[in-house]
Number of protein chains: 2
Amino acid sequence: MLNYSRTEENYIKAIYHLEAGKDSVSTNDLAESLQTKPASITDMLKKLKKKKLVSYQAYYGCRLTLEGKQLALMIIRRHRLWEYFLSQKLDFSWDEVHDVAEELEHVSSEKLINKLDAYLGFPRFDPHGDPIPDEKGAIANDKLISLNNQPENKPCIVSKIGNQSVSILEMLEQKNIAIKTRLEIIKKYPFDGSMEVKVGRSRTTILTKELAHNIFIKEV
Amino acid sequence: MLNYSRTEENYIKAIYHLEAGKDSVSTNDLAESLQTKPASITDMLKKLKKKKLVSYQAYYGCRLTLEGKQLALMIIRRHRLWEYFLSQKLDFSWDEVHDVAEELEHVSSEKLINKLDAYLGFPRFDPHGDPIPDEKGAIANDKLISLNNQPENKPCIVSKIGNQSVSILEMLEQKNIAIKTRLEIIKKYPFDGSMEVKVGRSRTTILTKELAHNIFIKEV
DNA sequence: ATAATTTTTTAGATTTGTCTAAATTTTTTT
DNA sequence: AAAAAAATTTAGACAAATCTAAAAAATTAT
Ligand SMILES: [Mn+2]
Ligand SMILES: [Mn+2]
Ligand SMILES: [Mn+2]
Ligand SMILES: [Mn+2]
């Protein structure tokens, strides 16, 4: 794998995240995501096409090639491993790791990343519950389901939070809910989508549908 | 402390290292050290002067201002802490850490560096024996002496290697000499400057004056 | 002190990544 | 199927960091 500029890497990663689901990524969405102007996107897409990282047809958006997708996975691997390191070893809190990882992800020594991976014990999820691609780019796709889709009286484990804002962190912290917390829905209220949930073994609390929608779980 | 570009940081660090001893740093020496052309140096010096990081007078070289020196110390702090991390935690060998640290040193989060420092136990020397500036830029200047200047029968501790080439690493490894190894000169041979040295508690070996010159020690 | 040599600066061009404004194409509405 | 609106691209400019070639200044040698 060749070496790419920080800017190119950020584009590739953004395309990867945006193309999930959709069958092509629009110039405008990319501009929005990268906080830049559509004209700049067009310029860069031409360049990335020349480098065979994306397929791109004028006016019809772009997609990653296989090579582009592999690069994206490596950048995401670095990002999430650093987030895990910051949270686990340096005692950073959940919502502080992302910005620093955004810088560290561009240090591209493969040896560094593989040794870091080993040092951390080959973690499979980052502090937000997102899966960490392995050395070859393979990614655990435990199909995570939202707490909204879980029936009553079936215990489950929090494995990912959909939204990484400070406000949701605060709220979950106060309710004692974190990655790996055991939850069980006691009662669902169809009227407003809210639910009464047992947190861990004893305490119960009320979650709105907005909050529950952002809590992804695995069955136990 | 403001944020500076990777390029600016590399210039500041290079000036810091070159100005040791001399009272000003020449354009040519900087070009040599940064692997670039003198004309580029002139351009950047004007820019760094405008930012008050260096004092610079056309045709008469440059020096760091107090602010510039403080910035240099912070970059060196990051560089050496990362080297220590790579060597101590990720099991990198002595001669592999520098290049990776050259990249990591530009991740400028103060919180990251201070937490890393704490995690590593506030180390005072990097894997090459160079001192690590503290949070405020203070630097241990243990006046290190070369093994050549040590008398016979006075035990000492290896605390720095002057030259960081692969060839010296190999040689020292084979002789079981590393940072913190205890040495004691048994006999000096004035004829060729070589010496017989006890390594640790038992083994002895012969060192040439060229090698001994690159081994810096502290008295025990 | 002059000439020769070395060092350094200036001038003008190049590359990367960005921008604004205008033109073009696609999509949506009527 | 036009017309209107939205999305996208092109054209031209700019800032950062670099380069080459030429000019200028400082240093060294004669
Ligand atoms: Mn993140
Ligand atoms: Mn990034
Ligand atoms: Mn180093
Ligand atoms: Mn560097």
Side-chain angles (χ1 to χ4, degrees), chain A residues 2-15 18-19 21-64 68 71-72 75 102-103 105-108, chain B residues 2-15 18-19 21-64 68 71-72 75 102-103 105-108:
Chain A
L2 291 169
N3 255 10
Y4 299 99
S5 77
R6 157 169 317 232
T7 310
E8 289 166 336
E9 289 193 346
N10 283 334
Y11 271 76
I12 292 298
K13 201 178 61 156
I15 295 168
L18 288 173
E19 84 179 358
K22 278 166 287 185
D23 52 65
S24 85
V25 177
S26 77
T27 301
N28 259 9
D29 287 356
L30 259 177
E32 163 75 25
S33 159
L34 288 166
Q35 298 271 64
T36 177
K37 302 294 167 184
S40 306
I41 303 292
T42 300
D43 289 345
M44 182 60 88
L45 287 180
K46 287 175 181 168
K47 188 179 163 192
L48 294 177
K49 182 183 185 179
K50 200 172 291 170
K51 295 195 177 187
K52 307 201 170 177
L53 294 172
V54 307
S55 61
Y56 163 64
Q57 207 197 332
Y59 294 103
Y60 290 92
C62 70
R63 289 193 58 81
L64 293 179
L71 174 58
I75 301 163
E102 204 58 44
E103 301 246 312
E105 74 186 0
H106 301 290
V107 177
S108 64
Chain B
L2 290 169
N3 255 9
Y4 298 98
S5 76
R6 157 168 318 231
T7 309
E8 290 167 335
E9 289 193 346
N10 282 334
Y11 270 76
I12 292 298
K13 200 176 63 155
I15 295 168
L18 288 173
E19 83 179 358
K22 278 166 286 185
D23 52 66
S24 87
V25 176
S26 77
T27 300
N28 260 10
D29 286 356
L30 259 176
E32 163 75 26
S33 159
L34 289 166
Q35 298 272 63
T36 178
K37 302 293 166 184
S40 306
I41 302 293
T42 300
D43 288 345
M44 183 60 88
L45 287 179
K46 286 174 181 168
K47 188 179 162 194
L48 294 176
K49 182 183 185 178
K50 199 173 291 168
K51 295 195 176 187
K52 305 200 173 181
L53 295 172
V54 307
S55 60
Y56 163 63
Q57 207 197 332
Y59 293 102
Y60 290 93
C62 70
R63 289 193 58 81
L64 293 178
L71 174 58
I75 301 163
E102 204 58 43
E103 300 248 311
E105 73 185 1
H106 302 290
V107 177
S108 65

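Just so you know, these numbers use all the heavy atoms, side chains as well, and skip hydrogens, waters and symmetry mates.
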Can you name the salt bridge (Lys or Arg N to Asp or Glu O under 4.0 Å) partners of B:E8, sequence neighbours left out? B:K47, B:K51
Distance, rounded to the nearest Å, where A:K50 contributes NZ and C:dT16 contributes C1': 13 Å
In whole angstroms, the gap separating C1' of D:dT10 from NZ of A:K37 amounts to 17 Å
I'd like to check A:V25 versus A:L64 (side-chain heavy atoms, cut-off strictly below 4.5 Å). Are they in contact? no
Among residues at least two apart in sequence or on other chains, which ones pass salt bridge (Lys or Arg N to Asp or Glu O under 4.0 Å) with B:K46? none
Heavy-atom contacts, protein to nucleotides 7-12 of chain C, under 4.0 Å, summarised as B (base), S (sugar-phosphate only) or - (none) per nt, yield SBBB--
Classify the nucleic acid contact of A:T7 as base, sugar-phosphate or nothing, counting any heavy atom under 4.0 Å across all strands shown. sugar-phosphate
State which residues pass side-chain hydrogen bond (donor to acceptor under 3.5 Å, both in side chains) with A:E9; sequence neighbours excluded, sorted by chain then number. A:R78, A:H106
Counting just side-chain N and O atoms, does B:T36 come under 4.0 Å of either OP1 or OP2 of D:dC19? yes
By side-chain hydrogen bond (donor to acceptor under 3.5 Å, both in side chains) - contacts of A:E102 (at least two apart): A:K13, A:H98
When the distance from CG of B:L48 to C1' of D:dA16 is rounded to whole Å, what number comes out? 13 Å
Taking side-chain hydrogen bond (donor to acceptor under 3.5 Å, both in side chains) as the test, write out the residues that go with B:K22, two or more places apart. none
Over how many whole Å does the gap from B:M44 atom CE to D:dC19 atom P extend? 11 Å
If you compare every side-chain N and O of B:Y4 against the phosphate oxygens of D:dA16 (OP1, OP2), does one of them come in below 4.0 Å? no
